[in-house]
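The structure under discussion appears below in the form of structure tokens.
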Amino acid sequence: MKFLAGLILGLLVVPLGVYLYFSSGSAPVATTDSDMPFEHMLAHKALAARITKDMPKTVPIQPTEANLLAGADLYKQHCAVCHGLPLTPKSAIAAGIYPHPPLLLEGKGVTDDEPGESYWKIFNGIRLSGMPGFSKSLSETQMWQVALLVANADKLPPSAKTALVTPAGVTVPTTLPSPSPVPPPPPFPSPSTPK
Ligand code: HEC
């Protein structure tokens with residue numbers, strides 16, 4: 001009888017404690033708050049378990065120079081704002097995100113992860129973190145190209161390295177375009193007289 005009462009009390013106390021923790025405003029919700037107890041451990045365990053189950057085990061494209069160059073271009077457009085570029089200070093956006101986006105082109109980045117693991121993260125994103133999923137905006141080939149770029153960040157061909165440090169959208173023109181003539185402004189409409 002005592003055991004049963006203890007069991008029921010135990011079953012109630014834990015969920016109640018968890019509920020109070022969240023409902024009383026103690027749980028960390030701001031990006032600058034400190035970690036919740038076990039947050040890192042639980043989040044990483046959950047993510048790692050899901051990825052091991054789900055990630056593609058074979059890579060459908062090769063890390064050729066063309067694919068890495070395409071990956072570099074995609075990275076500049078879609079990833080650099082959070083994950084950084086060589087020789088460029090961290091953006092204001094990256095500085096304010098929690099969990100912090102790791103620098104993927106510095107140190108070992110994710111060069112020790114399987115490309116399939118990064119592909120999974122690029123495809124799906126990482127929930128409750130700033131990491132967006134790109135399955136709705138990039139093609140599978142594009143996601144593989146950028147996954148191969150980050151997997152090979154420590155051994156990129158010079159062309160891809162140059163592409164990464166050239167600002168996005170800048171193509172160095174061989175001849176300067178002649179300025180197009182500016183059309184004269186339309187005549188100012190005369191105010192209609194109210195009746
Ligand atoms: C808005 C910011 C943002 C953008 C844009 C973004 N990411 Fe992320 N990314 C994050 C954050 C934050 C994390 C860390 C998540 C965590 O720790 O749980 C992350 C994690 C990752 C990881 C896992 C890193 C690790 O150490 O395991 C990879 C790989 C990654 N991003 C690749 C990319 C690629 C490739 C792109 C562009 C196609 C991209 N991300 C765009 C914010 C971003």
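Fair warning: this is a prediction, and the values are worked out from it, not measured in the lab. One-based numbering along the sequence shown. Whatever order the structure lists ligands and atoms in, that order sets their numbers, starting from 1.
- Between Tyr98 and His100, the gap from one ring centroid to the other is short of 6.0 Å.
- With a heavy-atom cut-off of 4.0 Å, Phe134 touches ligand 1 through its side chain alone.
- With respect to atom 25 (C) of ligand 1, the closest heavy atom belonging to the protein is Val110 CG1, 3.6 Å.
- Of all the N, O or S atoms in His83, the one closest to atom 8 (Fe) of ligand 1 is NE2.
- The environment of NZ in Lys57 is crowded: more than 12 heavy-atom neighbours from other residues, nucleotides or ligands sit within 6.0 Å.
- Checked by atom type and distance alone, the side chain of Lys76 pairs as donor or acceptor with a backbone atom of Ala163 at under 3.5 Å.
- Ligand 1 is approached by Leu104 to a heavy-atom distance shorter than 4.0 Å.
- Under 4.0 Å from ligand 1, the heavy atoms of Lys121 that appear belong solely to its side chain.
- For ligand 1, the atoms sitting less than 4.0 Å from at least one non-hydrogen atom of Cys82 are 1 (C), 2 (C), 3 (C), 4 (C), 5 (C), 42 (C), 43 (C), numbered in the order shown with element in parentheses.
- Protein heavy atom at the shortest distance from atom 37 (C) of ligand 1 is Cys79 SG, 1.8 Å.
- Relative orientation of the Phe123 and Tyr119 rings is tilted, given thresholds of 30° and 60° on the angle between their planes.
- The shortest distance between side-chain heavy atoms of Leu148 and Asn152 falls below 4.5 Å.
- Contact annotation for Pro101 and ligand 1: heavy atoms of both the backbone and the side chain come within less than 4.0 Å of the ligand.
- Checked by atom type and distance alone, the side chain of Asp33 pairs as donor or acceptor with a backbone atom of Ala30 at under 3.5 Å.
- Counting only heavy atoms from C-beta outward, the side chains of Phe134 and Val146 never approach each other to under 4.5 Å.
- Listed by number with element, the atoms of ligand 1 under 4.0 Å from a non-hydrogen atom of Ile97 are 1 (C), 2 (C), 12 (C).
- A heavy-atom distance below 4.5 Å is not found between the side chains of Leu74 and Leu149.
- In terms of protein heavy-atom proximity, atom 29 (C) of ligand 1 is nearest to Ser118 OG, 3.6 Å.
- Contact annotation for Ala94 and ligand 1: no heavy atom of the residue comes within less than 4.0 Å of the ligand.
- Residue contacts with ligand 1, taken as heavy atom pairs separated by less than 4.0 Å, involve Pro102 solely via side-chain atoms from C-beta onward.
- The closest protein non-hydrogen atom to atom 12 (C) of ligand 1 is Pro99 O, 3.1 Å.
- In summary, the side chains of Ser139 and Thr141 do not present any donor paired with an acceptor at a separation below 3.5 Å, with no hydrogens or angles considered.
- No side-chain heavy atom of Met131 sits less than 4.5 Å from a side-chain heavy atom of Pro101.
- Atom 5 (C) of ligand 1 has His78 O, 3.2 Å as its closest protein atom, hydrogens excluded (heavy atom only).
- Close approach of ligand 1 to Ser129 (heavy-atom distance below 4.0 Å) involves ligand atoms 15 (C).
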